[in-house]
Amino acid sequence: MSGFPLRNRPMLDPALLRGDISETARQLASRGYDLDIATFEALEAERKRVQGETQELQHRRNTRSKAIGIAKGKGEDVSALLAEVAGLGDALKVNEQRLADIQARIAEISLGIPNLPDATVPVGTDEAGNLEQHRWGTPRSFDFDVQDHVALGSRRGWLDGDAGAKLSGTRFTVLRGELARLHRALAQFMLDLHTAEHGYLECNVPLIVNVQTMQGTGQLPKFEEDLFATQVGDTRRYLIPTAEVALTNLVADEIVDADSLPRRLAAHSLCFRAEAGAYGRDTRGMIRQHQFEKVELVSITRPEDSVDEHERMTRCAEVVLEKLGLPYRRMLLCTGDMGFSAARTYDLEVWLPSQQTFREISSCSNCTDFQARRMQARWKNPQAGRNELVHTLNGSGVAVGRALIAVMENYQHADGSIGVPQALRPYMGGVERIA
RNA sequence: GGAGAGAUGGCCGAGUGGUCGAAGGCGCUCCCCUGCUAAGGGAGUAUAGGGUCAAAAGCUCUAUCGAGGGUUCGAAUCCCUCUCUCUCCGCCA
């Protein structure tokens, strides 16, 4: 067993697994997930049978018990009726246990199945299959040898990986002085932009969440090794890998009014990732850290609005880079490169002069009803007269640490000083350059 | 950390072992009456899952009264554990 109190909440529409399961399996295969159809169908058949038997037993018990109650009320002798139900309880208990076991096994499989890719997503196995959508800005040409952010940062002791390693280990960094201030300015700027101009509601959320919350957005049970965990007494909690977890789960187990949609939420938060699967990658500098900051955008929408909202949200992230004057490109991720919960994802990649390449700085995903089903997040559809699942979207708007790197490298001068983008100067006391 | 109280349907609020999925009220929906921005009468009004059905509707079964477990032929009601909320005390950024 996984050790998690798994909710019996599938991630995909159960109808997709009971109906044309081979078509569903084909779509899942396109993103590298191998659905064992035979096993799943066998479990489903078994479940159906045992559930039927269990319900039949429950029905018998209920009717007999009711008869006993009525007979007693009339003062009749109930010993014959009691004899009739003898042994029924034990049989029922056995069946209920069997049913629970089967359902747990089904849940374990269901919870590990990723979202179905949208029909417009290109098929591919890795990032090489991603499609560039457009570019913005022109990478600056330098008339001197560019330095990377590590060199630029260590010159004045602004960026100190050794100090981070001493305190915590690898992939931790200490920022100081003007660079720490620039980092803070970036976060303030982004959050202000999204709240003041893009209509997002600023939120400040817990960084430590419970198991159910992690399960709601899909981090658990499958990706526990990517998370930092806490244990107090026998209560286990997890540090959020992104504010998406907290913001999206705000609607878990809620039935929201139609006129409150779309809900647009933004938060600046710390993020914690174990980076278990990335041992050799980006070990230099602060590109890939265990702890970093991010401004996150989350939208909760009606199902029919999520496609448009995805475009809108991605634009909100792009505007951040444009206002900062950072060249970037938008990539449509292929099936093999998308995250677990996403049906469709755009990545924004920012230009890093030291690497002469674009590096991911934002990821905007439409999760359709995938997370909503698991969270049981619904809205009242006035037309259908029913409670239906909402759609959830999330996007970075944008990663603060990586934005800092991008600013350092793109705005560097020959002497190692760093220009402050126009948009950040109000947050830097008007300073135009840090040196 | 200590002491106490509580958790019932969209909301309020009854219900301490038996025809309780749950009285009553509010709200909401539909109908009727009323020449009317008032009042009255009637009906309806939880969610999820299974089965049946081509499907929907319908019918039917099961589960759900904070969560999990227990006692019992039978639990909203009794017992245990947990979570959360409120009040008071202590501590604290």
Side-chain angles (χ1 to χ4, degrees), chain A residues 1 3-20 41 43-107 110 204 206-216 230-238 249-260 270 369 372-390:
Chain A
M1 290 305 293
F4 294 115
L6 294 177
R7 288 174 157 187
N8 193 10
R9 290 177 173 179
M11 309 203 58
L12 290 178
D13 186 343
L16 291 170
L17 295 171
R18 298 205 191 103
D20 190 353
E41 288 190 323
L43 277 171
E44 265 295 307
E46 172 102 351
R47 191 221 88 229
K48 207 174 279 191
R49 192 173 61 73
V50 175
Q51 183 165 344
E53 287 174 17
T54 304
Q55 293 189 348
E56 168 61 23
L57 286 170
Q58 287 170 329
H59 179 52
R60 267 165 62 196
R61 181 204 59 196
N62 289 348
T63 52
R64 300 307 140 83
S65 294
K66 197 166 275 187
I68 290 171
I70 293 170
K72 269 199 171 173
K74 294 177 182 165
E76 294 170 2
D77 177 36
V78 296
S79 56
L81 287 166
L82 282 176
E84 215 175 315
V85 289
L88 216 161
D90 288 340
L92 188 54
K93 206 163 279 183
V94 170
N95 259 59
E96 283 176 340
Q97 186 54 51
R98 277 171 60 207
L99 182 60
D101 289 345
I102 294 165
Q103 286 180 324
R105 285 168 67 195
I106 291 176
S110 299
N204 189 292
L207 306 180
I208 302 173
V209 301
N210 58 33
V211 170
Q212 284 200 338
T213 299
M214 280 297 183
Q215 199 175 297
T230 69
Q231 184 101 23
V232 176
D234 45 14
T235 301
R236 198 169 175 77
R237 294 190 183 87
Y238 296 87
N249 275 283
L250 285 172
V251 291
D253 294 309
E254 301 271 331
I255 299 172
V256 303
D257 287 333
D259 56 17
S260 76
L270 285 159
D369 62 7
R373 181 170 297 103
R374 191 171 256 204
M375 294 188 299
Q376 282 301 297
R378 293 168 295 172
W379 66 295
K380 282 198 174 299
N381 182 343
Q383 296 197 315
R386 277 200 309 272
N387 299 331
E388 299 179 348
L389 296 170
V390 297

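- Across all strands shown, U64(B) forms a Watson-Crick or G-U wobble pair with A46(B), both key distances being under 3.5 Å.
- For Arg378(A) and A48(B), the shortest distance from a side-chain N or O to OP1 or OP2 is below 4.0 Å.
- OP1 or OP2 of U62(B) sits under 4.0 Å from a side-chain N or O of Asn62(A).
- Spacing between G27(B) and A39(B) at atom P, rounded to whole Å, works out to 10 Å.
- The pairing partner recorded for G1(B) is C89(B), the criterion being a Watson-Crick or G-U wobble arrangement whose two distances lie under 3.5 angstrom.
- Between His59(A) and U62(B), a side-chain N or O to OP1/OP2 separation shorter than 4.0 Å is present.
- With both pairing distances under 3.5 Å, U83(B) is matched to A7(B) as a Watson-Crick or G-U wobble pair.
- Of the candidate nucleotides G49(B), A48(B), C73(B), C73(B) has the atom nearest to the side chain of Leu82(A).
- Under 4.0 angstrom from either OP1 or OP2 of G74(B) there lies no side-chain N or O belonging to Lys66(A).
- At C73(B), none of the side-chain N or O atoms of Lys93(A) fall inside 4.0 Å of OP1 or OP2 (strictly under the cut-off).
- Taking the P atom of each, C88(B) and A14(B) are spaced 23 Å apart, rounded to whole Å.
- For Arg98(A), the CZ atom sits in a packed shell: over 12 heavy atoms of surrounding residues, nucleotides or ligands are nearer than 6.0 Å.
- In this structure, Arg49(A) does not reach the G51(B) phosphate: none of its side-chain N or O atoms is under 4.0 Å from OP1 or OP2.
- Comparing A63(B), U19(B), G49(B) by their closest approach to the side chain of Gln58(A) singles out A63(B).
- Residues Val390(A) and Ala372(A) come closest through the heavy atom pair O-CB, 3.1 Å.
- Side chain of Arg374(A) to main chain of Gln215(A): a donor-acceptor pair is present (N/O by atom type, distance under 3.5 Å, no hydrogens or angles).
- Scanning all heavy atoms of the two residues, the minimum distance from Asn249(A) to Gln212(A) falls at OD1-O, 4.5 Å.
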